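Below is one structure; the comments refer to it alone.
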Amino acid sequence: MGCYESKMENQETISNSKDRNYFMKQTVTFRNNFASAHSSYAASLKNTGAALIDFAQAGEHQNFQFSPSYDLPPLPPPPLPNFPAALRRAITMPDIQSDTVETAVEEVDDEDEETEGRGLRNNERKNCVIQVLSEVDNRFILASEAARDVSIILQATRLHFRSNFSDTGGNVDYSARVMRVVTWDRSFRETPNVDEVKDDFDSEKHETLVNVLDKLLAWEKKLYNEVKAAELTKSEYQRKVATLIKLEKRGTNNEALEKAKAVISHLNSMYIVDMQSLDSTVSEINHLRDQQLYPKLVQLVDGMATMWGIMHSHHEKQLNIMKLLRSSDSQFPLETSEHHHDRTYQLLLVMQEWESQFQKSINNQKGFIKALYTWLKLNLTLLNDSDIKENISSPKSCPIQILLHAWNDRLEKLPDEFARIAIANFVAAVDSLYQRQQEELVLKRKCDEIRKEYTRKSTQFDQWESKYSKRKRLDEFDPNRTEGDCNEADEVLKEKKRLLIELEKRLDEEKDAFERHCLHVRQKSLRCLKNDLLELFRTMTDFSLECSKMYSELSYVVHKLRLAQSSS
């Protein structure tokens, strides 16, 4: 029996239904991952702004004693690595405006050539980095807030149920609720006197993208079982008919023939029931697809178009702000403190998180749409079986097919690799800076150790020389002293002085090496902000513009479909 069922699995009808079920599982999985990555990406934007301002504050703290005018409350989930308290952020931050920076940016936009020629006024140079990055931080907060509506559509903060149909494990028997809906007739679910209809999950008016996909997965599982059962019944029916023909040819007694005919009649009735059940299941899937899934996808497209449009405006503003910093002559302190070194490491971790969540968000979005589009193509494919094809087939062209085709095609052409490389390059620049700072601190500790040793030995030498001078004066009145004793003491004095001079020379060399390295680190710090960060914002501005265009085009596709439907 096992081999027979395995052979049945290879039939195109069953194989097609099995593939549909598989790709709907993939759709649910990718949607969950996309929702999580989207939420984490929004959080990483906010944390990047915080890390940049912390980095700048730590760099200028030694000279300017700058402190923010607001508190940074704890950051909500999803959590990042254990960062210092200064990096923590809340979901909602006040709209922090910097009039000085806004005015300066306007000057850059309106009088760019003049500003580059004269630079910033002297009283603005001291804390230019802080001012500029404070506004960059504010733009990160606003860009992060722009992702909130899409997070709501994706239910990114929802505790995702793990149904038995998704094969992802978990302790919540979500499938029981789904299958309760699956086994109801739609007209019964719409009966106003049924209390359970009030359940948000069961009310079509309150359906979410998550609920619709979970229901589709449950129905696809049911369809797969029904197709398999129908094929098994049909195969058994055909086998029994062949047996009856043989019995009739052999002239078997009437009782055996009647029994065989009764079995065949029963199998035929079972097959009719199977086809009716299959027809009901397919109708429910098509209803969910066209009446519930499609509107939710349209809502997601509109939300993404709005989000990327807003993000583009903020990244573009950040780019203009960084041009202001590039034209300034701001300087970092001569030496790297332990505090600044820690904040550089914090920035490195945050940037690595941004890079990771960016990649996850794009990849899972592509996976979600591709899996859903593949499922839809199978959903719309005519099957070879003459009985089942009428039940599972759908019109070859429908709005959701047109939308998903355009969506999948545009996602495949999205130039996300340039943005990923730009983030990775900035991560590499911060990592390189962190390593150079670490080398600087090692050199500083080495200089401190040699300085301490020199101070100690210099003090010892002064004490020894003082004692030697006193003793030498006393020895001049000693009639028993010899010339050899005096010469020996002089040689010891010269040797100690020579060693002290060599140590002082070594200290000077280490100080020179340390100062050269400090200069290199200071230049690298400024280059990291003025060049590398500017290039990052330039690329993110271009990428967000491409995303905004893509989703605006998809919104236009939806608009044309609406017009076509209303006119037909």
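Source: prediction; values computed, not measured.
Side chains of L529 and L534 form no contact here, defined as non-hydrogen atoms less than 4.5 Å apart. Between Q435 and D431 the shortest side-chain heavy-atom distance falls below 4.5 Å. Contact annotation: the side chain of L411 approaches that of M550 to within less than 4.5 Å [non-hydrogen atoms, C-beta and beyond]. You'll find the side chain of L52 reaches within 4.5 Å of the side chain of L533, heavy atoms only. The closest side-chain heavy-atom distance from E316 to H312 is below 4.5 Å. Within the 4.5 Å cutoff, no side-chain heavy atoms of V350 are placed close to those of E353. When side chains are defined from C-beta on, M304 counts as touching L300, because their heavy atoms get closer than 4.5 Å. Residues L372 and T27 form a side-chain contact, since some pair of their non-hydrogen atoms from C-beta on lies under 4.5 Å apart.
Taking the six-membered ring wherever Trp is involved, the centroid distance between the rings of F537 and F426 does not fall below 6.0 Å. Ring pair F55/H340: centre-to-centre distance below 6.0 Å.
Proximity of a side-chain donor or acceptor of S432 to a complementary backbone N or O of A428 within less than 3.5 Å is not detected. In terms of modelled atom types and a separation under 3.5 Å, the side chain of S144 and the main chain of F140 share no donor-acceptor contact. Here the side chain of H517 pairs a donor or acceptor atom with the backbone of R436 at under 3.5 angstrom. Put simply, the side chain of Q26 never gets that close to the backbone of A371: no donor and acceptor are under 3.5 Å apart. Here the side chain of H38 pairs no donor or acceptor atom with the backbone of V150 at under 3.5 angstrom. Using modelled atom types, no side-chain atom of S548 and backbone atom of S544 make a donor-acceptor pair closer than 3.5 Å. Side chain of N379 to main chain of W375: no donor-acceptor pair is present (N/O by atom type, distance under 3.5 Å, no hydrogens or angles). Looking at S39, its side chain never comes within 3.5 Å of a backbone N or O of S36 through a donor-acceptor pair. Judged by distance alone, the side chain of T541 and the main-chain N or O of H315 form a donor-acceptor pair under 3.5 Å.
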Check: Step by step, would you call L536 with D532 a side chain to side chain contact (heavy atoms under 4.5 Å, CB included)?
Finding: CA-CA 6 Å; L536 172 59; D532 300 326; over 6 Å; no

Next item on the list: Show your reasoning for whether side chain to side chain contact (heavy atoms under 4.5 Å, CB included) applies to S40 and K360.
Entry: CA-CA 9 Å; S40 298; K360 289 179 182 178; over 6 Å; no

Next item on the list: Evaluate the criterion side chain to side chain contact (heavy atoms under 4.5 Å, CB included) for residue pair Y294 and L561; output intermediate values, then yes/no.
Entry: CA-CA 12 Å; Y294 177 66; L561 289 172; 3.5 Å; yes

Next item on the list: Report the C-alpha distance between L45 and M311 in whole Å, list the side-chain angles of each, state the deciding distance to 0.1 Å, and finish with yes or no for side chain to side chain contact (heavy atoms under 4.5 Å, CB included).
Entry: CA-CA 10 Å; L45 289 177; M311 283 192 174; 3.7 Å; yes

Next item on the list: Applying ring-ring contact (aromatic ring centres under 6.0 Å, His included), run through F543 and F358 and close with a yes or a no.
Entry: CA-CA 12 Å; F543 176 74; F358 175 83; 5.3 Å; yes

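Within a 6.0 Å radius of OH in Y22, other residues, nucleotides and ligands contribute 12 heavy atoms or fewer.
Annotation: the span from D512 atom CG to C447 atom SG amounts to 9.0 Å, rounded to 0.5 Å. The line from CD of Q292 to OG1 of T208 is 10.0 Å long, rounded to the nearest 0.5 Å. Rounding to the nearest 0.5 angstrom, the gap separating the CZ atom in R139 from the CG atom in L133 is 14.0 Å. One finds the CE atom of M307 at 13.0 Å from the CG atom of D302 (value rounded to the nearest 0.5 Å). Between atom OH of residue Y373 and atom CG of residue L404 there is a gap of 8.0 Å, rounded to the nearest 0.5 Å. Annotation: the span from H405 atom NE2 to I402 atom CD1 amounts to 9.5 Å, rounded to 0.5 Å.
A salt bridge is defined here as a Lys NZ or Arg NE, NH1 or NH2 lying under 4.0 Å from an Asp or Glu carboxylate O, and R420 with D416 fails to meet this definition. Between K317 and E135 there is no salt bridge, since no side-chain nitrogen of the basic residue lies less than 4.0 Å from a carboxylate oxygen of the acidic one. Salt-bridge formation is not detected for the pair E439/K524: no Lys NZ or Arg NE/NH1/NH2 atom is positioned less than 4.0 Å from an Asp or Glu carboxylate oxygen. A salt bridge is defined here as a Lys NZ or Arg NE, NH1 or NH2 lying under 4.0 Å from an Asp or Glu carboxylate O, and K366 with E412 fails to meet this definition. In this structure, E220 does not pair ionically with K25, as no charged nitrogen and carboxylate oxygen lie closer than 4.0 Å. A salt bridge between E449 and K446 is absent, with no side-chain N of the basic residue lying under 4.0 Å from a carboxylate O of the acidic one.
Side-chain atoms of N425 and E535 form no donor-acceptor pair, as typed in the model, at a separation below 3.5 Å. If you check the side chains of E338 and H341, you find no donor sitting under 3.5 Å from an acceptor. Counted by atom type alone, W308 and E546 present zero donor-acceptor pairs between their side chains at under 3.5 Å. Counted by atom type alone, S44 and Q357 present zero donor-acceptor pairs between their side chains at under 3.5 Å.
Shortest non-hydrogen contact noted between R31 and L213 is CD-CD1, 3.6 Å. For L209 against I153, the heavy-atom pair with the smallest separation is CB-O, 4.1 Å. Between L443 and A513 the shortest heavy-atom distance is CD1-O, 4.2 Å. Residue Q346 comes nearest to A51 through the heavy atom pair NE2-CA, 3.8 Å, listed as atom of the first residue, atom of the second, then distance. The heavy-atom pair separating V427 from L348 by the smallest distance is O-CD1, 3.6 Å. Nearest heavy-atom pair, K221 versus N21, reported as atom, atom and distance to 0.1 Å: N-OD1, 3.5 Å.
Here T344 pairs with Q437 under the side-chain hydrogen bond (donor to acceptor under 3.5 Å, both in side chains) rule; sequence neighbours left out. Listed by chain and residue number, nothing satisfies the side-chain hydrogen bond (donor to acceptor under 3.5 Å, both in side chains) test with H559 (two or more places apart in sequence, or in another chain).
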